[in-house]
Amino acid sequence: MPRIALKVSLLAAAAFAAGVSVGPVQQVVAQAGSADSFRQLKLFGDVYERVRAEYVEEVSDQKLVEAAINGMLTSLDPHSSYLDTEKYRDMQVQTRGEFGGLGIEVTMDNGLVKVVSPIDDTPASKAGVQPGDFVTHIDGEPVMGLSLSEAVEKMRGPVDSKIDLRLLRKGREQPFDVSMNRAVIKISPVRAHVEGDVAYVRLTTFNEQTASEMRDKLEEMTHKLGDKLTGVVLDLRNNPGGLLDQAVAVADAFIDKGEIVSTRGRRPDSIQRFNARPGDIVTNVPMVVLINGGSASASEIVAGALQDHHRAIVMGTQSFGKGSVQTIMPLSGNGAIRLTTARYYTPAGTSIQAKGSVPDIEVHQANVETLDDDPGRREADLRGRLQNEQATNAEGAPAQPPEMGEPPTDGKDYQLSRALDLLRGISLYEGHNVTGSKG
């Protein structure tokens with residue numbers, strides 16, 4: 001195609017995409033506000049033609065156009081981008097719960113790839129990658145200068161192939177390397193088990209199965225515990241988010257009425273409100289929601305809704321702070337664009353954008369050392385002591401307190417331990433109140 005014809009067609013296509021009428025030049029210029037748009041599109045056409053003709057190596061038109069589109073989108077915010085046909089297909093697979101890679105959710109920060117969260121039981125998680133880590137090199141090549149999509153593409157590869165990442169971590173003076181093998185990432189979005197008398201539910205992501213699987217597992221545990229159920233822990237730590245409708249469905253499972261979240265775009269008529277339907281699957285049983293710096297997007301929607309409705313106590317550390325909504329817009333035969341189209345707000349009208357959700361009770365993860373405070377001799381050791389007439393054993397020792405359930409399966413999880421303590425404390429408090437009210 002001759003250069004002039006190519007340039008004209010590019011301008012016509014760009015003008016059409018921008019909403020400018022493609023007709024006689026006089027008609028285009030006559031439209032209010034279109035003259036400046038046309039000048040900017042002409043500038044793009046000039047640059048495009050110059051690069052196509054003069055660049056040191058020949059570059060295909062497709063590559064130049066896709067790079068221009070992606071550059072336009074990524075300049076808006078860290079979450080908007082262009083998805084070519086292959087990336088669009090990968091994204092669709094990921095939301096269904098299975099995809100290839102390292103199992104790591106990332107964003108861009110000051111030219112480096114920043115880890116939002118590793119996904120449980122994936123190569124990244126097993127290699128010790130943590131939220132907040134910065135990836136500076138991939139297989140020895142620097143990340144600086146790459147777009148987020150380019151960096152992600154480099155982290156993908158054949159299953160079982162090796163990859164080396166160099167990481168920067170807060171609190172460590174020097175960068176360090178980690179090696180892992182790529183794998184097919186099959187996400188089980190819900191993990192659940194009984195912690196004594198508490199139902200523990202961990203959500204690792206919000207894909208198409210999250211809400212239904214959570215309901216199934218909770219119903220199974222509540223049926224098992226029956227009247228012994230004293231509380232529910234909803235663990236959203238290191239959950240990078242996912243589908244908005246799944247976040248709404250998860251929050252709706254515990255909220256009987258009222259707004260769950262609202263989204264607001266640039267136009268006044270673009271406000272959407274998502275409201276709860278009647279019903280609470282655990283009938284107002286006390287809840288604790290665990291969050292941390294790896295809890296983002298859909299996780300923050302759920303935590304904010306349960307917090308604003310006073311349905312749960314939010315515990316942990318401040319969340320990531322991604323308060324925007326991305327819409328996937330397919331392009332006919334050419335992939336799709338991921339475009340930030342709205343901000344979301346909690347039921348109280350609070351935006352968590354770049355701020356994060358603030359827990360009701362701040363609890364940092366910690367290693368706890370048990371100190372031996374045994375005084376040695378007790379009253380029961382003294383010769384001639386009085387016997388306890390209420391004792392149930394031959395040694396005269398007081399009866400044991402009622403069983404409060406088994407300790408956490410992972411004794412190193414300090415935040416979970418505090419959540420369980422809180423729920424059992426609430427149960428004891430409410431039990432004493434019921435007993436006292438009987439006179």
Side-chain angles (χ1 to χ4, degrees), residues 77-80 95 105 107 116-117 189-190 201 203-215 218 232 234-282 287-316 318-328 338-360:
D77 66 77
H79 309 294
S80 296
T95 59
E105 180 77 13
T107 187
V116 175
S117 175
V190 183
V201 181
L203 305 185
T204 61
T205 190
F206 287 85
N207 64 26
E208 293 175 359
Q209 291 84 39
T210 301
S212 60
E213 285 195 21
M214 183 198 73
R215 282 179 171 271
L218 263 175
V232 174
L234 183 62
D235 191 348
L236 301 178
R237 291 174 297 176
N238 297 336
N239 183 322
L243 300 176
L244 173 62
D245 64 333
Q246 291 295 303
V248 171
V250 167
D252 188 15
F254 306 103
I255 298 173
D256 188 59
K257 61 181 178 179
E259 185 177 296
I260 293 173
V261 67
S262 63
T263 62
R264 307 175 195 177
R266 63 188 290 182
R267 299 189 306 272
D269 61 351
S270 64
I271 298 176
Q272 285 187 291
R273 301 185 186 278
F274 299 87
N275 296 312
R277 297 168 297 179
D280 179 347
I281 61 174
V282 288
M287 285 185 65
V288 170
V289 176
L290 290 175
I291 62 172
N292 65 4
S295 306
S297 191
S299 297
E300 295 168 303
I301 289 175
V302 173
L306 295 177
Q307 185 178 46
D308 284 359
H309 280 279
H310 306 290
R311 179 60 187 88
I313 296 170
V314 178
M315 179 183 287
Q318 190 169 337
S319 63
F320 184 76
K322 180 181 177 293
S324 60
V325 178
Q326 283 68 48
T327 302
I328 305 299
R338 180 194 287 116
L339 187 66
T340 299
T341 54
R343 289 181 171 90
Y344 70 76
Y345 296 82
T346 70
T350 303
S351 170
I352 57 87
Q353 174 60 28
K355 182 180 71 173
S357 296
V358 179
D360 299 307

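All values reported here derive from a predicted model rather than from experimental measurement. Values below: all heavy atoms of this structure, side chains included; hydrogens, waters and symmetry mates excluded. Sequential numbering from 1 along the given sequence is applied to the chain's residues.
Looking only at distances, a side-chain donor or acceptor of D308 sits under 3.5 Å from a matching main-chain atom of A348. Remark: the backbone N or O of L203 is paired with a side-chain donor or acceptor of N239 at under 3.5 angstrom. Proximity of a side-chain donor or acceptor of Y344 to a complementary backbone N or O of Q353 within less than 3.5 Å is not detected. At least one donor-acceptor pair under 3.5 Å links the side chain of D256 to the backbone N or O of G279. Within the 3.5 Å criterion, the main-chain N or O of N238 finds a donor-acceptor partner in the side chain of N292. Side-chain atoms of H79 do not come within 3.5 Å of backbone N or O of V325 as any donor-acceptor pair.
The nearest pair of heavy atoms linking S270 to G265 is OG-N, 3.0 Å. The two residues P240 and S297 make their nearest non-hydrogen contact at O-CB, 3.9 Å. Across all their heavy atoms, Q307 and V358 have their closest contact at NE2-O, 3.0 Å. Considering every non-hydrogen atom in both F320 and G293, the closest pair reads CB-O, 3.5 Å. The nearest pair of heavy atoms linking S299 to G241 is OG-N, 4.2 Å. Taking every heavy atom of both residues into account, K257 and H309 meet most closely at O-CE1, 3.4 Å.
Expressed to the nearest 0.5 Å, how far CD of Q326 lies from CG of L244 amounts to 10.5 Å. The distance from the CD1 atom of I260 to the CG atom of L306 is 9.0 Å, given to the nearest 0.5 Å. The CG atom of D245 lies 12.0 Å from the CG atom of D252; values are rounded to the nearest 0.5 Å. Residue L339 holds its CG atom at 10.5 Å from OG of S324, rounded to the nearest 0.5 Å. In this structure, the separation between CE on M214 and CZ on F254 is 4.0 Å, given to the nearest 0.5 Å. Atoms OG1 and CD, on T210 and Q246 in that order, are 5.5 Å from each other to the nearest 0.5 Å.
No more than 12 heavy atoms of other residues, nucleotides or ligands shown are found within 6.0 angstrom of CZ on R343.
None of T327, T341, T340 except one satisfies the side-chain hydrogen bond (donor to acceptor under 3.5 Å, both in side chains) rule with S80; the exception is T340. Between L236 and the options L290, V314, V302, V201, a side-chain contact (heavy atoms from CB on, under 4.5 Å) holds for only V302.
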request  = Using the side chain to side chain contact (heavy atoms under 4.5 Å, CB included) rule, take T107 and K322 through it: C-alpha gap first, then chi angles, then the decisive distance, then the call.
outcome  = CA-CA 11 Å; T107 187; K322 180 181 177 293; over 6 Å; no
request  = Please report the C-alpha distance between I271 and D269 in whole Å, then the side-chain angles of each, then the deciding distance to 0.1 Å, and finally whether the side chain to side chain contact (heavy atoms under 4.5 Å, CB included) criterion is met.
outcome  = CA-CA 6 Å; I271 298 176; D269 61 351; over 6 Å; no
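At least one side-chain heavy atom of S262 sits under 4.5 Å from a side-chain heavy atom of R273.
In summary, the side chains of S319 and E300 do present a donor paired with an acceptor at a separation below 3.5 Å, with no hydrogens or angles considered.
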